[in-house]
Amino acid sequence: MQGADKGQAANLDGRDLRIGIVQARFNDALTGQLAQVCTDELLALGVQRKHIQHVTVPGALEVPVALQAMADSERFDALVALGCIIRGETYHFELVANESGAAVTRVSLDHHIPIANCILTVENEAQAVARVEEKGRDAARVAVEMANLLDELL
């Protein structure tokens, strides 16, 4: 929910972290903005630019495959999924939204790696534009916080 009370983040120190970002190119103007905001926030949290790997894929359904390859490499402390699915006139919206979301979660659980899922699912482009800044920042913050949490727990 946009503008929600998200509580206080625990550990947002990104200095020693390696983060992978997978960006869907479908709705590229929006997902490109998400990637820029996310990267800027990661840098602000102390993640070194050389420790951020950013790749692109055609669309939201391809995001989990790239995430899985990154997770398999064991080179990352956390991953970020970026995309934008805008409702159209057919059932395709539900299919892409549900399947991409479930697959992102499955990669995270199967590989024990935090993945900040920032694949926007919106009714129209105006809703996406209104969410890009906040959700891009949130994705970076979630990735850093969860990487640090898992480091403490494991």
Side-chain angles (χ1 to χ4, degrees), residues 1-86 96-97 99-122 127-154:
M1 183 163 123
Q2 194 172 0
D5 179 3
K6 299 169 190 160
Q8 183 66 34
N11 183 351
L12 294 175
D13 181 359
R15 285 179 290 179
D16 297 323
L17 299 179
R18 295 177 183 273
I19 307 293
I21 300 172
V22 179
Q23 173 198 340
R25 292 187 309 270
F26 202 88
N27 294 312
D28 193 48
L30 294 163
T31 64
Q33 288 177 337
L34 278 172
Q36 185 61 58
V37 170
C38 180
T39 300
D40 289 347
E41 185 68 10
L42 287 170
L43 293 169
L45 295 172
V47 179
Q48 296 178 46
R49 186 173 298 280
K50 68 181 180 179
H51 292 157
I52 300 171
Q53 183 174 357
H54 175 203
V55 300
T56 64
V57 296
L61 288 175
E62 292 76 37
V63 168
V65 174
L67 291 170
Q68 185 168 11
M70 287 179 150
D72 285 342
S73 78
E74 297 183 353
R75 294 186 336 229
F76 301 95
D77 299 297
L79 303 172
V80 178
L82 301 176
C84 181
I85 306 165
I86 301 173
V96 174
E99 293 300 321
S100 65
V104 167
T105 300
R106 188 169 53 251
V107 171
S108 180
L109 294 173
D110 287 351
H111 291 279
H112 303 101
I113 187 168
I115 301 176
N117 187 346
C118 187
I119 299 177
L120 303 179
T121 53
V122 295
Q127 286 182 349
V129 169
R131 286 161 176 75
V132 165
E133 289 286 328
E134 180 180 355
K135 298 305 179 186
R137 275 192 314 275
D138 284 352
R141 296 170 70 81
V142 165
V144 169
E145 181 177 356
M146 290 302 297
N148 287 325
L149 175 64
L150 286 189
D151 187 49
E152 291 173 20
L153 294 175
L154 298 175

Under 3.5 Å, is there a donor-acceptor pair between the side chain of [X] and the main chain of [Y]?
X: Thr31; Y: Ala24; result: yes
X: Ser73; Y: Met70; result: yes
X: Thr105; Y: Gly101; result: yes

Within this structure, what is the [atom1]-[atom2] distance for the pair [X] and [Y], rounded to the nearest 0.5 Å?
X: Ile119; Y: Phe26; atom1: CD1; atom2: CZ; answer: 13.5 Å
X: Gln23; Y: Gln33; atom1: CD; atom2: CD; answer: 10.5 Å
X: Ser108; Y: Asn117; atom1: OG; atom2: CG; answer: 9.5 Å
X: Glu134; Y: Cys118; atom1: CD; atom2: SG; answer: 10.0 Å
X: Leu79; Y: Arg18; atom1: CG; atom2: CZ; answer: 13.5 Å

For [X] and [Y], work out which heavy atoms get closest and say how close.
X: Ala116; Y: Ala139; result: CB-O, 3.3 Å
X: Ala97; Y: Ile85; result: CA-CD1, 3.7 Å
X: Ile19; Y: Phe76; result: C-CD2, 3.5 Å
X: Cys38; Y: Ala140; result: O-CB, 3.5 Å
X: Ala147; Y: Pro114; result: N-CG, 3.8 Å
X: Val122; Y: Ala128; result: CG2-CB, 3.9 Å

Are any of the side-chain heavy atoms of [X] and [Y] separated by less than 4.5 Å?
X: Ile115; Y: Val107; value: yes
X: Asn27; Y: Ile86; value: yes
X: Val63; Y: Leu67; value: yes
X: Leu82; Y: Ile21; value: yes
X: Lys135; Y: Leu120; value: yes

Apply side chain to side chain donor-acceptor pair (under 3.5 Å) to [X] and list each qualifying residue two or more places apart in sequence or on a separate chain.
X: Asp138; result: Lys6
X: Asn148; result: Asn11
X: Asp13; result: Arg15
X: Gln48; result: none

Going by side-chain contact (heavy atoms from CB on, under 4.5 Å), name the residues that satisfy it together with Val129, two or more places apart in sequence or in a different chain.
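Val129 satisfies side-chain contact (heavy atoms from CB on, under 4.5 Å) with Leu30, Glu125 only.
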
Residue list, side-chain contact (heavy atoms from CB on, under 4.5 Å) with Glu99, at least two apart or on another chain:
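If we apply the side-chain contact (heavy atoms from CB on, under 4.5 Å) test to Glu99, skipping adjacent residues, the hits are Leu61, Leu95.
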
Can you tell me if Gln53 and Arg75 form a side-chain donor-acceptor pair at under 3.5 Å?
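Yes - a donor-acceptor pair under 3.5 Å links their side chains.
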
Could you list all the side chain to side chain donor-acceptor pair (under 3.5 Å) pairs where at least one residue sits in residues 55-72, not counting sequence neighbours?
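Matches after skipping sequence neighbours: Arg25-Thr56, Asp72-His111.
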
Which pairs count as salt bridge (Lys or Arg N to Asp or Glu O under 4.0 Å) when at least one residue sits in residues 31-53, sequence neighbours excluded?
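Residue pairs with at least one partner in residues 31-53: Glu41-Arg141.
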
Partner residues of Arg137 under the salt bridge (Lys or Arg N to Asp or Glu O under 4.0 Å) criterion, sequence neighbours left out:
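Arg137: salt bridge (Lys or Arg N to Asp or Glu O under 4.0 Å) contacts with Glu133.
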
